[in-house]
Amino acid sequence: MLKRPLIIDCDPGIDDAECLMMVQGSGLFDIRGITAVHGNVPLSHTANNALFLSKLFDMNCPVYLGAEEAMIQRLTRAEYVHGNNGMIDFDTTLPEGATFAEGHAWDFIWEEAVRQNGELEILAVGPLTNLAIAVMKHPELPKLVKNLVIMGGAIRSGNFGVYSEYNIAQDPHACEIVLQAGFPRFTMIDLNACSMAYISSDECEKLRALPETNAFTPLINAILDHREVSKKILMEKGLNFIADEHHHTCDPVAAAVLIDDSVGQFVDKYAFCDCVGEMTTGQTVIDWLGFAPIKNVRIPVAIDRDKFAKIYFDCVKTYDKGGC
Ligand code: RIB
Ligand code: CA
């Protein structure tokens, strides 16, 4: 079966790391490149982490540098969740000879869309700045993108602003540009969808029991160890989080939907991103009652948790040299 040509735009970020593990582990994609964007931490770290992870997961694809800052606003970042280096201080020293590809992320996205002649898919799990710049420079881009899946947005409460999810809050103007650009198939995996999919506490024990021969073992153990630290920090900051024993993670939910769309149930709606409200900038506003004459986004209304976990574990297993 032909592999699906894909670009992953991300801001690693520990859940971005799980997402990259899944996409590569699924074996379904011809990953044409990874484009790094500012987000969880500054671009200098997200780009380094993207390149490190591409080597860790043996992805054999170019990594491009993207936007260092949002299009207009500047906000604090999320070192409190992802650590100062963006990977909870996990050692992300690049292997000898690892280098970034020449050229800007947004130009690569356009050039690859032209090369793939309408077959390109894009998974974006950070702020949408790279994608927005690509659309502004090349308005024809959406017509050449077969499938766009993002992790971003909040149809209910946010995790950074009152109603804004982190990726969108970091660059609401980019989100609005992308939402209105005319991507023919645009799935928005928002916080509500992410809350329906998690790795259960029992399944976390299975991750803890992964053999040393699995390339993912050290990183997933560091991520699971970090949960208690991040819960304490989020509680101290008064930020919302789900205080149970499961492993809640966002970007992997978008990866699972990209891998197998049947993991979710979706409705087509019109959405825009508020860019002016004092308290609501960054809110992804959904036209639930259908007043708008068009529908520009697929919104998840249900995610099958068990199916999500199976996809996650099926991908994890592919990293065990011994096969498990
Ligand atoms: O709100 C969660 C999103 O923000 C995830 O993509 C996480 O990596 C951060 O970028
Ligand atoms: Ca991310």
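Both ligands and their constituent atoms are indexed starting at 1 by order of listing.
Taking a cut-off of under 4.0 Å to the non-hydrogen atoms of Met151, the atoms of ligand 1 that pass are 2 (C), 3 (C), 5 (C), 6 (O). Listed by number with element, the atoms of ligand 1 under 4.0 Å from a non-hydrogen atom of Asn167 are 3 (C), 4 (O), 5 (C), 6 (O), 9 (C), 10 (O). Listed by number with element, the atoms of ligand 1 under 4.0 Å from a non-hydrogen atom of Asp16 are 8 (O). The ligand atoms of ligand 1 that sit less than 4.0 angstrom from a heavy atom of Glu165 are 1 (O), 2 (C), 3 (C), 4 (O).
A perpendicular orientation is assigned to the rings of Phe186 and Phe183, their planes being inclined by more than 60° (bins at 30° and 60°). Classification of the His248-Tyr198 ring pair by plane angle, with boundaries at 30° and 60°, yields tilted.
Here Asp225 pairs with Arg208 in a salt bridge; the nearest charged N to carboxylate O distance falls below 4.0 Å. A salt bridge does not link Glu203 with Lys206: none of the charged nitrogens is closer than 4.0 Å to a carboxylate oxygen. In summary, Arg77 and Glu69 engage in a salt bridge, as defined by a charged side-chain N under 4.0 Å from a carboxylate O. A salt bridge links Arg298 with Asp261; the closest basic N to acidic carboxylate O contact falls under 4.0 Å. Salt-bridge check for Glu121 with Lys146: failed, with every basic side-chain N at 4.0 Å or more from each acidic carboxylate O.
For Ile14, no heavy-atom contact with ligand 1 is shorter than 4.0 Å. Residue contacts with ligand 1, taken as heavy atom pairs separated by less than 4.0 Å, involve Asp15 solely via side-chain atoms from C-beta onward.
As for Asp11, its N/O/S atom nearest the Ca ion (ligand 2) is the one called OD1.
From the protein, the heavy atom lying nearest to atom 9 (C) of ligand 1 is Asn40 OD1, 3.0 Å. In terms of protein heavy-atom proximity, atom 6 (O) of ligand 1 is nearest to Asp251 OD1, 2.6 Å.
At least one N, O or S atom of Asp251, from either the backbone or the side chain, sits less than 3.0 Å from the Ca ion (ligand 2). Metal site remark for the Ca ion (ligand 2): Val125 contributes an N, O or S atom at a distance under 3.0 Å.
Checking Asp9, Ile122, Ile7 one by one against Leu131, the side chain to side chain contact (heavy atoms under 4.5 Å, CB included) holds for a single residue, Ile122.
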